[in-house]
Amino acid sequence: LSFLLFFFTFSAFSQDAQENADFKLAIKLYEDRSYDLALEQFKRFSEKYSSSANVAESKYYIGLIQVQLKQYDEARYSFQNFALSYSSNPKAPQAWMYVAEMFERVKNLKEAANTYERVKVFFQNDASVPDALWKASTCYRLLNDTENEQRVLKTLTREYSTSKSFPKARLRFVS
């Protein structure tokens with residue numbers, strides 16, 4: 001009986017050690033800017049250890065790597081899935097900001113503006129909301145959509161008067 005207990009304990013420990021080694025390898029590849037290899041390693045990790053506590057982190061890194069590889073549509077999809085699947089993760093609001101940034105990178109300013117506004121909808125208490133609203137207003141300005149720009153600036157100045165974005169929003173709102 002003690003042999004079986006030892007075997008199962010050792011087996012579980014071995015599995016955890018391998019999981020940690022695989023995750024650390026993926027991180028190291030990312031830090032070394034071996035993005036193609038890191039992307040494959042993170043994808044393999046997410047599949048092999050689907051119940052791991054590090055899967056969310058792995059999926060976030062996949063999006064970051066896709067940005068580095070200029071795979072903007074894939075990155076947008078990865079970050080959107082991350083933000084929706086792990087909405088309570090502290091990185092979810094930033095992932096949603098990346099979704100909007102990917103729309104900007106492919107010159108889809110209307111979707112970028114809408115997505116920046118969704119940060120407030122999905123993560124209303126997050127510190128990134130004022131910055132997201134500021135970026136939404138900037139996209140609307142570039143689109144010459146004065147009505148939506150003013151609407152967003154009004155929200156920003158009314159609800160986030162203590163944010164870093166407030167002074168510039170106030171200046172733009174009154175002009």
Side-chain angles (χ1 to χ4, degrees), residues 26-27 29-46 55-161 163-175:
I27 296 286
L29 290 168
Y30 175 80
E31 290 171 348
D32 289 347
R33 298 182 179 185
S34 299
Y35 297 124
D36 289 323
L37 295 172
L39 181 61
E40 289 309 311
Q41 183 67 20
F42 278 118
K43 285 180 177 180
R44 266 194 308 266
F45 180 88
S46 294
V55 167
E57 191 76 10
S58 179
K59 291 187 177 195
Y60 189 81
Y61 270 102
I62 288 171
L64 292 175
I65 293 166
Q66 289 166 328
V67 172
Q68 293 299 320
L69 295 173
K70 297 182 178 9
Q71 299 172 352
Y72 301 131
D73 288 331
E74 294 88 345
R76 180 180 48 81
Y77 180 75
S78 293
F79 284 126
Q80 186 171 342
N81 283 337
F82 176 89
L84 295 173
S85 298
Y86 305 101
S87 60
S88 61
N89 186 295
K91 291 183 179 178
Q94 182 58 51
W96 204 257
M97 294 284 284
Y98 280 132
V99 172
E101 287 177 26
M102 295 309 101
F103 278 124
E104 279 189 276
R105 291 196 186 199
V106 297
K107 310 292 186 227
N108 189 341
L109 295 178
K110 181 69 173 166
E111 280 304 315
N114 289 333
T115 304
Y116 281 127
E117 285 193 81
R118 286 187 200 114
V119 173
K120 183 181 185 309
V121 174
F122 295 145
F123 310 102
Q124 59 204 13
N125 297 322
D126 192 75
S128 65
V129 171
D131 189 40
L133 293 175
W134 173 255
K135 289 180 177 191
S137 75
T138 301
C139 289
Y140 286 129
R141 183 181 203 111
L142 292 170
L143 290 166
N144 295 315
D145 185 344
T146 307
E147 182 180 329
N148 279 317
E149 177 192 11
Q150 292 297 305
R151 176 184 55 76
V152 172
L153 288 171
K154 183 177 181 181
T155 300
L156 179 54
T157 57
R158 188 179 62 234
E159 297 179 27
Y160 300 97
S161 61
S163 74
K164 292 188 300 185
S165 299
F166 175 77
K168 56 188 174 185
R170 186 169 164 220
L171 283 173
R172 192 187 289 170
F173 183 59
V174 296
S175 59

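Atoms considered below: every heavy atom in the structure, side chains included; atoms not considered: hydrogens, waters and symmetry mates. Predicted model, so just to flag it, every value in this text is computed and none were measured.
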Colleague: Is any side-chain heavy atom of Lys43 closer than 4.5 Å to a side-chain heavy atom of Leu39?
Modeller: yes

Colleague: For Ser78 and Gly63, which heavy atoms make the closest approach, and how far apart are they?
Modeller: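 Closest heavy-atom pair between Ser78 and Gly63: CB-CA, 3.9 Å.
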
Colleague: Are Asp145 and Lys110 side-chain neighbours, meaning at least one heavy-atom pair lies under 4.5 Å?
Modeller: yes

Colleague: Is there side-chain contact between Leu64 and Gln68, with at least one heavy-atom pair below 4.5 Å?
Modeller: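 Leu64 does not reach Gln68 side chain to side chain.
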
Colleague: Check the pair Arg141 / Thr138 against side chain to side chain donor-acceptor pair (under 3.5 Å), numbers first and verdict last.
Modeller: CA-CA 5 Å; Arg141 183 181 203 111; Thr138 301; over 6 Å; no

Colleague: Verify side-chain contact (heavy atoms from CB on, under 4.5 Å) between Asp73 and Val106, making sure each step is shown before the conclusion.
Modeller: CA-CA 8 Å; Asp73 288 331; Val106 297; 4.2 Å; yes

Colleague: Where do Gln41 and Tyr61 land on the side chain to side chain donor-acceptor pair (under 3.5 Å) test, with the steps shown first?
Modeller: CA-CA 11 Å; Gln41 183 67 20; Tyr61 270 102; over 6 Å; no

Colleague: With rounding to the nearest 0.5 angstrom, report the NZ to OG distance, Lys59 to Ser85.
Modeller: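 Output value for this atom pair is 6.5 Å.
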
Colleague: Could you measure the distance from the CD1 atom of Ile62 to the CZ atom of Phe42? Nearest 0.5 Å is fine.
Modeller: 7.5 Å

Colleague: From Gln66 CD over to Arg76 CZ, what is the distance, rounded to the nearest 0.5 angstrom?
Modeller: 11.0 Å

Colleague: Closest approach of Ala132 and Tyr116, non-hydrogen atoms and distance?
Modeller: O-CB, 3.2 Å

Colleague: Hey, are the side chains of Leu156 and Ser137 touching, using non-hydrogen atoms and a 4.5 Å cut-off?
Modeller: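 No, too far: nothing below the 4.5 Å cut-off.
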
Colleague: Name the orientation class of the two ring planes belonging to Tyr98 and Phe79 (parallel below 30°, tilted from 30 to 60°, perpendicular beyond 60°).
Modeller: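 Correct class here is parallel.
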
Colleague: Glu101 vs Lys135, test: side-chain contact (heavy atoms from CB on, under 4.5 Å). Steps then yes/no.
Modeller: CA-CA 9 Å; Glu101 287 177 26; Lys135 289 180 177 191; 3.7 Å; yes

Colleague: Looking at CG of Leu29 and CG of Leu37, how far apart are the two atoms once the value is rounded to the nearest 0.5 Å?
Modeller: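 CG of Leu37 is found 5.5 Å from CG of Leu29.
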
Colleague: Describe, in one word, how the ring planes of Phe122 and Trp96 are oriented to each other, choosing from parallel (under 30°), tilted (30 to 60°) and perpendicular (over 60°).
Modeller: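 The arrangement is perpendicular - the two ring planes meet at more than 60°.
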
Colleague: Would the distance check show the side chain of Asp32 and the main-chain N or O of Ser34 forming a donor-acceptor pair, the cut-off being under 3.5 Å?
Modeller: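 No; judged by distance alone, with no hydrogens or angles, the pair does not exist.
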
Colleague: Test your reading of the model: is there a side-chain donor-acceptor pair from Thr157 to the backbone of Lys154, 3.5 Å cut-off?
Modeller: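 Yes, because the side chain of Thr157 sits within donor-acceptor range (under 3.5 Å) of the backbone of Lys154.
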
Colleague: Just so I know, are the side chains of Trp134 and Leu153 near enough to count as touching, which here means a heavy-atom distance under 4.5 Å?
Modeller: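 They are in side-chain contact.
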
Colleague: Might you point out which heavy atoms bring Tyr160 and Val129 nearest each other, and give the distance in Å?
Modeller: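 Distance-wise, the nearest heavy atoms are OH-CG1, 3.2 Å.
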
Colleague: So, for Asp126 and Pro130, which heavy atoms are closest and what is the spacing to 0.1 Å?
Modeller: O-CD, 4.3 Å

Colleague: Heavy atoms, side chains only, cut-off 4.5 Å: are Met97 and Asp131 in contact?
Modeller: yes

Colleague: In plain terms, say whether Lys120 and Glu159 are close enough for a salt bridge, that is, a side-chain N and a carboxylate O under 4.0 Å apart.
Modeller: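 Yes, charged N to carboxylate O under 4.0 Å.
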
Colleague: Take Glu104 and Cys139, measure what side-chain contact (heavy atoms from CB on, under 4.5 Å) needs, and give me the verdict at the end.
Modeller: CA-CA 8 Å; Glu104 279 189 276; Cys139 289; 3.9 Å; yes

Colleague: Report the C-alpha separation of Asn81 and Tyr77 in whole Å, then their side-chain angles, then the decisive distance to 0.1 Å, and conclude whether the side-chain contact (heavy atoms from CB on, under 4.5 Å) test is met.
Modeller: CA-CA 6 Å; Asn81 283 337; Tyr77 180 75; 3.0 Å; yes

Colleague: May I ask you to test the Phe123-Arg118 pair for a side-chain heavy-atom distance under 4.5 Å?
Modeller: no

Colleague: Between Phe82 and Ala56, what is the shortest heavy-atom contact and its length?
Modeller: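 Shortest heavy-atom contact: CE1-O, 3.1 Å.
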
Colleague: Under 4.5 Å between any side-chain heavy atoms of Thr115 and Met102, yes or no?
Modeller: no

Colleague: So which atom in Ala95 and which in Tyr60 form the shortest heavy-atom distance, rounded to 0.1 Å?
Modeller: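 Scanning both residues, the minimum pair turns out to be CB-CE1, 4.1 Å.
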
Colleague: Is Glu117 paired with Arg151 through a side-chain N to carboxylate O contact shorter than 4.0 Å?
Modeller: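 Counted as a salt bridge, because a side-chain N and a carboxylate O are separated by less than 4.0 Å.
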
Colleague: Kindly check if the number of other-residue, nucleotide or ligand heavy atoms within 6.0 Å of OH (Tyr86) is above 12?
Modeller: yes

